[in-house]
Amino acid sequence: MKVLYVPSKDELSLKIHRVRSRPNKQFGPFKLWWDEEGNIRALAITNYTKELEEFRKNLSVIQLKGIWKRAKITDQDIQDTRNALLRKLEEKW
């Protein structure tokens, strides 16, 4: 098993076994190689530093679907709502 970062390509890869030159599947920044039995042989992430920055930036934001599709709920929204609920509970008791 080998983890390799190539700065010139900005690509992080995890190679578990030898792979062919082309991935079996590529979706977004991810490349995936597998064998005939479905075992993962390697994984690569292109634009790694950009993807890592986006991941870290969005850790506190949850993407919603359906009628909430474009809405974003942050940690601050959750904390404000929690505080409001606690105040209401205190008033009742």
Verdict with reasoning, Tyr5 to Asp10, per side-chain contact (heavy atoms from CB on, under 4.5 Å) = CA-CA 7 Å; Tyr5 176 70; Asp10 191 23; 2.7 Å; yes

query = Passes side-chain contact (heavy atoms from CB on, under 4.5 Å), Ile45 versus Phe30? Steps please.
reply = CA-CA 5 Å; Ile45 304 171; Phe30 299 100; 3.7 Å; yes

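The shortest non-hydrogen separation linking Ile40 to Ile16 is O-CD1, 3.8 Å. Shown here for Leu32 and Ala42, the closest heavy-atom pair between the two residues is CD1-O, 3.6 Å. For the pair Trp33 and Ala44, the tightest heavy-atom approach, listed with the atom from each and the gap, is CZ3-CB, 3.8 Å.
Cluster partners of Leu4, using a side-chain heavy-atom cutoff of under 4.5 Å among ILVMFWY residues and allowing indirect links, are Val6.
Taking CD from Glu11 and CD from Glu51, the interatomic distance works out to 12.0 Å, rounded to the nearest 0.5 Å. One finds the CG atom of Leu43 at 8.0 Å from the CG atom of Leu12 (value rounded to the nearest 0.5 Å). Summarising the geometry, atom NZ belonging to Lys25 is positioned 14.5 Å from atom NZ belonging to Lys31; distances are rounded to the nearest 0.5 Å. Note that CG of Asp80 and CG of Leu85 are 11.0 Å apart. Values are rounded to the nearest 0.5 Å.
Remark: Lys50 pairs with Asn47 by the side-chain contact (heavy atoms from CB on, under 4.5 Å) rule, at least two apart or across chains.
Pro29 has its side chain within reach of Thr46: a pair of non-hydrogen atoms, C-beta onward, lies under 4.5 Å apart.
Around CD of Gln26, the count of heavy atoms belonging to other residues, nucleotides or ligands within 6.0 Å exceeds 12.
Under the 3.5 Å distance criterion, with hydrogens and angles disregarded, no donor-acceptor pair is assigned to the side chains of Asp75 and Gln79.
Hydrophobic clustering places Val3 together with Leu52 (ILVMFWY residues linked when any side-chain heavy atoms are closer than 4.5 Å, directly or through intermediates). Clustering ILVMFWY residues whenever any of their side-chain heavy atoms sit less than 4.5 angstrom apart, transitively, puts Tyr48 in the very cluster that holds Phe27.
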